[in-house]
Amino acid sequence: MSPADAARAPGPAAAADPGPEAAHWHPVIAADAVPPERPVGVRLLGVDRVLWRAADGRLQAADDRCPHRGTRLSLGRVVDGALECPYHGWQFGDGGRCVRIPAAPGFEPPAGHGLGSHAVQERHGLVWLRVGAAGEGAVAELPSFEAEDDARLRKLLCGPYRVATSAPRIVENFLDLAHFGFVHEGWLGDRAHTEVDDHGIEPTPQGFAVVGCRAWQPRSNQRSSTGRWIDYRYEVTGPYAAQLLKLPEDADAERDAIGLFVAPLDPERSLVWFRLAVTDLASSDEALRAFQHAIFTQDQPILESQQPKALPVYAGGEVHHAADRASAAYRRLLRERGITFGTV
Ligand code: FES
Ligand code: CO
């Protein structure tokens, strides 16, 4: 379906025909942004979704459209853990089941009056949604971020950034070593060190790793004051997710792990999160976020300028060279998995 067709198609039809990307987990909102007392609307894969919390705090997720007359459910309320439609007050409980129709109090709502619910969980400070219940093809695992479980590291969420491009363009930029000396000059690179060393691609359970990368970084993190060589290890952990491990040459320098989690809102609109896991216990949250913010706002205008906004995975039209090995591997992974949302 073209983006223009998708825009014309009603939400439920789009939801009924998800691509393979729907089988994956996607980060839709910060976990602390879904309060117990009201529903919250989010966007994912071209469809509006609604989140709310059951009475015991467990998250629930469904498409943001009442099956009765199509009203936006996120305009409603949460009553004793049930989602109440703002129009006629139908209530939806666990798994989206319709539990109350106020205009027909004696009527037992059948299953067909319920909401199609989605799998949902909280992790890395985020709410993750997978379209549909755990059906065929569903991916059980979230994109991995091993540093989350390292008790010595400090974790911090940065974002969300709303970016006017496809999710795959954002992941590809994260894997790109050749832009440091230009886009991040004086921070992650400089023009005296623009050559990209030979590096390798290794398969991993969730995707692939990019190994043997090295970058000269004038200022590799919030506290660094001198330039140094940094070894990089990237891993693509899902169609729209990756992680980066920065290992400085001197063992006592700070090490950083950065998870990149992108929610594909629409084919050309994305929400970007960074999960930091760092050895820096001294800097304030604000200072750590400010560094990440400075870096990403250098990338953002470049990302939003790229045409086409969809990543050319199936089409030609872009040329490559040896330093683009990670990008080529990423495009291959999307092709092999049949990912069409945000690609062309
Ligand atoms: Fe939702 Fe009628 S439209 S209850
Ligand atoms: Co960049």
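Note: hydrogens, waters and symmetry copies are ignored here, and every other heavy atom, side chains too, is used. Counting starts at 1 for both ligands and their atoms, in listed order.
Close approach to W90 involves these atoms of ligand 1, each under 4.0 Å from a residue heavy atom: 4 (S). Ligand-side atoms of ligand 1 in range of R69: 3 (S), range being under 4.0 angstrom from any heavy atom.
Among the atoms of C85, an N, O or S atom is found under 2.8 Å from atom 1 (Fe) of ligand 1.
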Given the rule in the side-chain contact (heavy atoms from CB on, under 4.5 Å) test, do Q60 and R53 qualify, once you have shown the distances and angles that lead to the verdict? CA-CA 6 Å; Q60 308 276 322; R53 290 190 187 275; over 6 Å; no
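Without hydrogens or angle criteria, H199 side chain to D197 main chain gives a donor-acceptor distance under 3.5 Å.
Rounded to 10 degrees, the ND1-metal-ND1 angle spanning H68 and H88 at atom 2 (Fe) of ligand 1 equals 90°.
The atom name of the N/O/S atom in H184 closest to the Co ion (ligand 2) is NE2. In terms of distance to the Co ion (ligand 2), the nearest N, O or S atom of D299 is named OD1.
S327 and D324 share no side-chain donor-acceptor pair at under 3.5 Å. A donor-acceptor contact closer than 3.5 angstrom links the side chains of Q206 and S144. Inspection of the Y161 and H293 side chains reveals an N or O donor paired with an N or O acceptor under 3.5 Å.
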